Amino acid sequence: MINVLKKMISVSLAGVLALSLAACSSGGETQGAGESSNYPERGMAIVAPSGAGGGWDLTARSIAKTMNNTKLIEEPITVENKPGGGGAVFMAEYATKEVDNDYMLMVKSPPILINNNKAEGNSPYGYKDTTPLAQLTRDYGAIVVKADSEFNTLEELLEAIKADPTSITLAGGSAPGSMDHLVGILPAFEYGIDPKSVKYVSYDGGGEAVASLLGNNADVIATDASTIAEYVRSGDVKVLAVSSPEALEGELSDVPTFKDAGIDAEFTIWRGIFGPKNMSDGAVDYWSGKLKEMSESEEWTKELEQNGWQSEYKDAAGFEEYLKTQEQVIVELLTALDMQK
């Protein structure tokens with residue numbers, strides 16, 4: 001099982017430009033007007049399927065900001081927050097009601113695979129119900145407590161959980177069995193703690209998870225390393241460990257990795273942008289070109305630096321192959337944790 005975990009979390013997840021899928025029906029007027037050479041003919045929306053302040057939200061806003069400010073895309077791009085179920089609520093809407101809407105895109109990360117394959121609160125929809133367009137960044141997980149917490153090291157926290165799992169509340173911005181949950185229980189599992197015994201509370205996005213920590217509704221949170229830096233600067237929290245293979249730069253440069261703390265594991269978080277399943281060929285081609293241009297722009301590099309992200313870009317074929325392989329690994333992981341569908 002340990003080998004399964006290491007296999008899943010040590011893979012550097014990487015980004016993509018998507019394969020073209022079947023075009024929308026040619027008969028009548030549809031939302032997906034991408035077959036026209038005039039696409040786009042109006043403004044577009046990028047959905048972050050979570051509340052404000054988390055990784056999906058920041059990624060969506062960075063993409064929109066870069067596209068709008070550089071005029072790579074002339075039509076305005078807005079960001080919409082649609083929280084619920086760690087992304088599962090909007091995923092259901094996107095895979096059904098918005099299936100032909102060329103003007104609505106969605107930011108996602110590993111939960112698009114995890115939610116589709118876990119038993120409790122699982123989603124019947126996954127990446128095959130979308131058109132992957134590009135995966136642009138990678139990030140890492142962080143184990144975070146309040147600045148005045150009694151815990152100063154990951155080992156101290158794990159010892160407390162081991163002594164009495166019910167005494168510690170772990171929170172995250174995704175549903176049970178999803179990304180934040182896996183980041184949080186991974187060190188516990190490697191430390192010899194039954195992951196099913198760890199008390200976990202889910203919130204709709206990293207921002208809400210941080211609020212729960214600061215409001216004393218959680219003892220520790222698992223979240224994205226990049227999104228917690230501002231709270232470290234403000235002195236509100238301390239980070240016990242990060243899931244990167246080596247020390248990060250910037251605000252978290254002094255934070256030990258899991259391995260530094262004696263936990264032989266890593267967890268890489270990728271983030272990408274997706275279109276609806278029936279996205280027209282014209283819209284796919286348009287966004288593929290624009291996202292590639294954006295990923296190579298100076299403005300996007302500045303966004304990466306500002307948010308503490310690393311660039312990770314691959315073409316459509318490589319990304320689709322990765323998703324297929326990674327889904328198999330995630331099923332193995334969830335099976336090992338008794339969380340599989």
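Keep in mind it's a predicted model, so treat the numbers as computed, not measured. Residues: numbered from 1 along the sequence shown.
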Colleague: Do Leu170 and Ile185 have side-chain heavy atoms sitting under 4.5 Å apart?
Modeller: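 In short, these two side chains touch, coming nearer than 4.5 Å.
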Colleague: Could you tell me if the side chain of Glu312 sits less than 4.5 Å from the side chain of Thr268, heavy atoms only?
Modeller: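 Not in contact.
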Colleague: Can you name the closest pair of heavy atoms from Asp102 and Tyr39 and give their distance?
Modeller: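 Looking at all heavy atoms of both residues, the shortest contact is O-OH, 2.7 Å.
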Colleague: Atom CD1 of Ile161 and atom OG1 of Thr169: how far apart are they, to the nearest 0.5 Å?
Modeller: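 The OG1 atom of Thr169 is 10.0 Å from CD1 of Ile161, to the nearest 0.5 Å.
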Colleague: Would you compute the distance between atom CH2 of Trp300 and atom OG of Ser295 and round it to the nearest 0.5 angstrom?
Modeller: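 Spacing of CH2 (Trp300) from OG (Ser295) equals 9.0 Å.
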Colleague: side-chain contact (heavy atoms from CB on, under 4.5 Å) with Lys82: which residues, sequence neighbours excluded?
Modeller: Val47, Glu80, Phe90, Glu93, Met104
Colleague: Verify the cluster assignment for Val79 and Leu58: are they in a single hydrophobic cluster under the rule of side-chain heavy atoms below 4.5 Å apart?
Modeller: no
Colleague: Among residues two or more places apart or on two chains, list those pairs meeting side-chain hydrogen bond (donor to acceptor under 3.5 Å, both in side chains) that have a residue in residues 64-76.
Modeller: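 Counting only pairs at least two positions apart or across chains, the side-chain hydrogen bond (donor to acceptor under 3.5 Å, both in side chains) contacts touching residues 64-76 are Lys65-Glu303.
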Colleague: Could you check whether any side-chain heavy atom of Leu136 comes within less than 4.5 Å of a side-chain heavy atom of Tyr313, counting everything from C-beta outward?
Modeller: yes
Colleague: When you group the ILVMFWY residues by side-chain heavy-atom contacts below 4.5 Å and let the links chain together, are Tyr231 and Leu213 in the same group?
Modeller: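 Result: yes, single cluster for both.
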Colleague: Can you list the steps and then say if Ile112 with Glu327 is a side chain to side chain contact (heavy atoms under 4.5 Å, CB included)?
Modeller: CA-CA 10 Å; Ile112 197 171; Glu327 187 167 53; over 6 Å; no
Colleague: Asn216: which residues meet the side chain to side chain donor-acceptor pair (under 3.5 Å) condition with it, sequence neighbours left out?
Modeller: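 With sequence neighbours excluded, Asn216 shows a side chain to side chain donor-acceptor pair (under 3.5 Å) to Lys146, given in chain and number order.
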Colleague: Tell me the closest heavy-atom pair linking Tyr286 and Pro40, and the distance in Å.
Modeller: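 Scanning both residues, the minimum pair turns out to be CZ-CD, 3.3 Å.
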Colleague: Do the non-hydrogen side-chain atoms of Tyr125 and Asn115 ever get within less than 4.5 Å of each other?
Modeller: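 Not touching, per the 4.5 Å side-chain cut-off.
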Colleague: Say you draw a straight line from CE of Met339 to CG of Leu182; how long is it, rounded to the nearest 0.5 Å?
Modeller: 7.0 Å
Colleague: Any side-chain heavy atom of Met179 within less than 4.5 Å of one from Phe267?
Modeller: yes
Colleague: For the side chain of Thr130 and the backbone of Gly126, is there at least one donor-acceptor N/O pair under 3.5 Å apart?
Modeller: no
Colleague: Report the C-alpha separation of Phe151 and Val220 in whole Å, then their side-chain angles, then the decisive distance to 0.1 Å, and conclude whether the side chain to side chain contact (heavy atoms under 4.5 Å, CB included) test is met.
Modeller: CA-CA 9 Å; Phe151 304 115; Val220 56; over 6 Å; no
Colleague: Could you go through residues 201-212 and list every donor-acceptor pair under 3.5 Å that involves a side-chain atom there, pairing it with any protein atom two or more places apart or in another chain?
Modeller:
residue: Asp204; atom: OD1; partner: Gly84; partner atom: N; Å: 3.3
residue: Asp204; atom: OD1; partner: Gly85; partner atom: N; Å: 3.2
residue: Ser212; atom: OG; partner: Ala209; partner atom: O; Å: 2.6

Colleague: Would Asn101 and Tyr94 count as a side chain to side chain contact (heavy atoms under 4.5 Å, CB included) if you check the C-alpha gap in whole Å, the side-chain angles of each, and the deciding distance to 0.1 Å?
Modeller: CA-CA 9 Å; Asn101 189 352; Tyr94 201 55; over 6 Å; no
Colleague: I'd like to check Asp129 versus Met91 (side-chain heavy atoms, cut-off strictly below 4.5 Å). Are they in contact?
Modeller: yes
Colleague: Minimum heavy-atom separation for Val183 and Pro187, please, with both atom names.
Modeller: O-CD, 3.1 Å
Colleague: Please answer: with hydrophobic residues joined when any side-chain heavy atoms are less than 4.5 Å apart, are Met44 and Met67 in the same cluster?
Modeller: yes
Colleague: Within the structure provided, determine whether Asp219 and Val145 are in side-chain contact (heavy-atom separation under 4.5 Å).
Modeller: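 Answer no - side chains too far apart.
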Colleague: Kindly compute the distance separating CG (Leu133) from NZ (Lys290), expressed to the nearest 0.5 Å.
Modeller: 14.5 Å
Colleague: Would the distance check show the side chain of Ser174 and the main-chain N or O of Asp180 forming a donor-acceptor pair, the cut-off being under 3.5 Å?
Modeller: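 Side chain of Ser174 to backbone of Asp180: a pair is present.
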Colleague: Can Asn116 and Lys128 be said to form a side chain to side chain contact (heavy atoms under 4.5 Å, CB included), step by step?
Modeller: CA-CA 10 Å; Asn116 186 223; Lys128 294 176 184 177; over 6 Å; no
Colleague: Between Lys162 and Tyr191, is any pair of side-chain heavy atoms under 4.5 Å apart?
Modeller: yes
Colleague: Look at the side-chain heavy atoms of Ile, Leu, Val, Met, Phe, Trp and Tyr, link any pair under 4.5 Å apart, and say whether Leu105 and Val89 land in one connected group.
Modeller: no
Colleague: Hey, is the main chain of Ala134 close enough, under 3.5 Å, to the side chain of Lys292 for a donor-acceptor pair?
Modeller: no
Colleague: Nearest 0.5 Å, please: how far is CD1 in Ile263 from CG in Leu154?
Modeller: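 That separation rounds to 5.5 Å.
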Colleague: For residues Gly173 and Tyr200, report the shortest heavy-atom separation together with the two atoms involved.
Modeller: N-OH, 4.2 Å
Colleague: Return a table of donor-acceptor pairs under 3.5 angstrom between the side chains of residues 222-230 and protein atoms on other chains or two or more places apart.
Modeller:
residue: Asp224; atom: OD2; partner: Arg271; partner atom: NH2; Å: 2.6
residue: Ser226; atom: OG; partner: Asp139; partner atom: OD2; Å: 2.5
residue: Ser226; atom: OG; partner: Trp309; partner atom: NE1; Å: 3.0
residue: Thr227; atom: OG1; partner: Asp224; partner atom: O; Å: 3.0

Colleague: Closer than 3.5 angstrom, by distance alone: can the side chain of Thr131 be matched with the main-chain N or O of Pro276 as a donor-acceptor pair?
Modeller: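 Between the backbone of Pro276 and the side chain of Thr131 there is a qualifying donor-acceptor contact (under 3.5 Å).
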Colleague: Does the side chain of Asp285 come under 3.5 Å of the side chain of Ser288 through a donor N or O and an acceptor N or O?
Modeller: no
Colleague: What's the separation between atom CG in Asp100 and atom NZ in Lys277, rounded to the nearest 0.5 Å?
Modeller: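 Answer rounded to 0.5 Å: 11.0 Å.
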Colleague: Look at Glu266 together with Lys259 and state whether they make a salt bridge at an N to O cut-off of under 4.0 Å.
Modeller: yes
Colleague: So which atom in Lys199 and which in Ile168 form the shortest heavy-atom distance, rounded to 0.1 Å?
Modeller: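 Taking Lys199 first and Ile168 second, the nearest heavy atoms are CB-O, 3.5 Å.
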Colleague: Work out which heavy atom in Phe274 is nearest to a heavy atom in Lys108; give both atom names and the distance.
Modeller: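 Closest approach of Phe274 to Lys108, heavy atoms only: CE1-CB, 3.6 Å.
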Colleague: Mind checking what makes side-chain contact (heavy atoms from CB on, under 4.5 Å) contact with Val107, not counting sequence neighbours?
Modeller: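 Val107 satisfies side-chain contact (heavy atoms from CB on, under 4.5 Å) with Ile46, Trp56, Thr59, Ala60, Ile63 only.
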Colleague: Using modelled atom types and a 3.5 Å cut-off, is there a donor and acceptor pairing between side-chain atoms of Thr257 and backbone atoms of Asp260?
Modeller: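 The answer is yes, because a donor-acceptor pair under 3.5 Å joins these two groups.
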Colleague: Taking Ser149's backbone N and O only, do any of them form a donor-acceptor pair with Lys238's side chain (distance below 3.5 Å, no angle check)?
Modeller: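 Yes: the side chain of Lys238 pairs with the backbone of Ser149.
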Colleague: Just wondering, are more than 12 heavy atoms of other shown residues or ligands nearer than 6.0 Å to CD in Glu251?
Modeller: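 More than 12 heavy atoms, drawn from other residues, nucleotides or ligands, come within 6.0 Å of this atom.
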